[in-house]
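We're numbering straight along the sequence, starting at 1. Both counts, for ligands and for their atoms, begin at 1 and track the order of listing.
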Amino acid sequence: MNTIHRKIIHIDMDCFFIAVEMRDQPELYHIPAAVGGLPEKRGVIATCNYPARQFGIHSAMSSAQAKARCPELVILPSDITKYRQVSSDIHSILKQFTNMIEPLSLDEAYLDVTHCDHHSGSATLIAQNIRQQIEAKLGLTASAGVAPNKLIAKIASDMNKPNGLCVVTPAQTPIFVSQLPVAKLFGVGKATCRKLDKLGVVYCSDLQKLPLSELHHNFGKFGGILHQYCRGIDNRPVNCSRIRKSLSIEHTFSKDISHFDQLIPHAKHLITQLKQQHQKKAKHRIIKRVGVKLKFADFKQTTAEITAYQITLDIILPLIRRARSRSLKPIRLLGLSITFDTDNIVDQQQQIDLLWAG
Ligand code: TTP
Ligand code: MG
């Protein structure tokens, strides 16, 4: 029997925010440069270019630490409006090939080109054409992965970064996946990795040896998913009607906060801002859960969540208390989030458009 394999492309822009800035200020190409918050304001790095990465600088590192590693690092403020416009231009290029597009963030998307006729249906040539157009029209480089499913396509797009293409055919998939460290698999974070390490699992080839029952026993439902992923099997569709599931906002304090009462005005301000975002980006969506995130002075973070239909101080403060009780360290950052009810959507197309617009 002939199995029909899907053709999935994952596109990921290289060093996205700073790449846009380097294009607009070419003198930045050869010096360490980043987009992020100011060190004096306790900002963090959003992303940085390769000269900066050589110093060990990376996303989410504090700008102060980045400057300590590389004093000549140039840090530019984030211009999100500009990045959204570029993202929308990228989307226009992708749309030439298919409507089966699932945006993951401003700089990343999956495409299902299984039924696309361009380039005689060659996913490899389509991916190359997309990368060429992004470079010619936008002056930016993108990396792409081509594979029979989303799991492998995303891992592949990272293989030849920057400005690279990696194609994994259905026939190559079993070998490709068996050589991967399990940490590369979607959903395998630090905690799962540690647990797998204790079971003697480092590579997918090790994971393949564990029986399904043992995976279920250790990881519950996710055990079944791991059993498939480590064999390169992933049946998740490219979800082109993906809609925003949540909204979040956060603030890093100019000085760490030790007293609970000092958090209250910040919480009030963030609630107002999050309500405004809700109005702007997801007007008719019904809130299902409300959450808080705290980052402590040692950069450890924790979250607390509750089922709620609105975001108010009465709901937020007990959550902050709960999260606060987990550490004695002063607080560096407060974040708030709302999760939407996905069963109850008023205007789906509008939501999709807004997701793409960021
Ligand atoms: P990424 O695709 O993760 O990173 P990148 O495009 O900068 O670099 P790479 O070439 O390795 O893909 O994220 C896309 C953009 O999202 C990034 O340019 C800045 C922003 N971002 C943050 O603001 N904070 C973060 O912690 C991360 C990871 C990304
Ligand atoms: Mg990227």
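Between His251 and His266, the two ring planes are parallel [angle under 30°; tilted spans 30° to 60°]. Using cut-offs of 30° and 60° for the angle between ring planes, the His119 and Phe97 rings count as parallel.
Distance from atom 15 (C) of ligand 1 to its nearest protein heavy atom, with residue and atom name: Phe17 CE1, 3.9 Å. For atom 1 (P) of ligand 1, the nearest non-hydrogen atom of the protein is Asp107 OD2, 4.2 Å. Looking only at protein heavy atoms, the nearest one to atom 22 (C) of ligand 1 is Ala46 O, 3.5 Å.
Residue contacts with ligand 1: Phe16 is placed with a nitrogen or oxygen under 3.5 Å of a nitrogen or oxygen of the ligand (distance criterion only). Between Met13 and ligand 1, a contact under 3.5 Å exists for at least one N or O pair. The shortest N or O to N or O distance between Thr47 and ligand 1 is under 3.5 Å. Between Arg53 and ligand 1, an N or O atom pair is found at a separation short of 3.5 Å.
Taking each of Cys48, Ser78, Cys15 in turn, the one with a heavy atom nearest to atom 9 (P) of ligand 1 proves to be Cys15.
Aromatic rings from His30 and Tyr50 are positioned such that their centres are separated by 6.0 Å or more.
Atoms of ligand 1 lying under 4.0 Å from at least one heavy atom of Asp14, given by number and element, are 10 (O). Counting the atoms of ligand 1 from 1 in the order shown, those under 4.0 Å from a heavy atom of Ser59 are 25 (C), 26 (O), 27 (C), 28 (C).
Using a 4.0 Å cut-off between charged side-chain N and carboxylate O, Lys82 and Asp24 make a salt bridge. For Glu250 and Lys295, the salt-bridge test fails: no basic side-chain N is under 4.0 Å from an acidic carboxylate O. The pair Lys161-Asp12 meets the salt-bridge criterion, since a charged nitrogen lies less than 4.0 angstrom from a carboxylate oxygen. Asp89 has no carboxylate O lying under 4.0 Å from a charged side-chain N of Lys137, or vice versa, which leaves the two without a salt bridge.
Taking the ring axis of Phe219 as reference, the NZ or CZ atom of Lys195 stays within 45° of it and closer than 6.0 Å to the ring centre. Remark: Arg324 fails to qualify as a cation-pi partner of Phe296 under the 6.0 Å distance and 45° angle criteria applied to the six-membered ring. Relative to the six-membered ring of Phe260, Arg321 meets both conditions, a distance below 6.0 Å and an angle of at most 45° to the axis.
The angle that Asp107 OD2 and Asp12 OD1 make at the Mg ion (ligand 2), rounded to 10°, works out to 90°.
Contacts of Leu106 with ligand 1, taken as heavy-atom pairs under 4.0 Å, are absent altogether. In Lys161, the part holding a heavy atom less than 4.0 Å from any atom of ligand 1 is the side chain. At a heavy-atom distance under 4.0 Å, no atom of Met61 approaches ligand 1.
By the neighbour-count criterion of 12 heavy atoms within 6.0 Å, atom CZ of Phe222 is densely surrounded, having more than that number from other residues, nucleotides or ligands.
At a cut-off of 2.8 Å, Thr47 is not counted among the residues with an N, O or S atom near the Mg ion (ligand 2).
Under a 4.0 angstrom heavy-atom cut-off, Pro162 registers as lying outside contact with ligand 1.
Within the 4.0 Å cut-off (strictly below), no protein heavy atom is located near atom 3 (O) of ligand 1.
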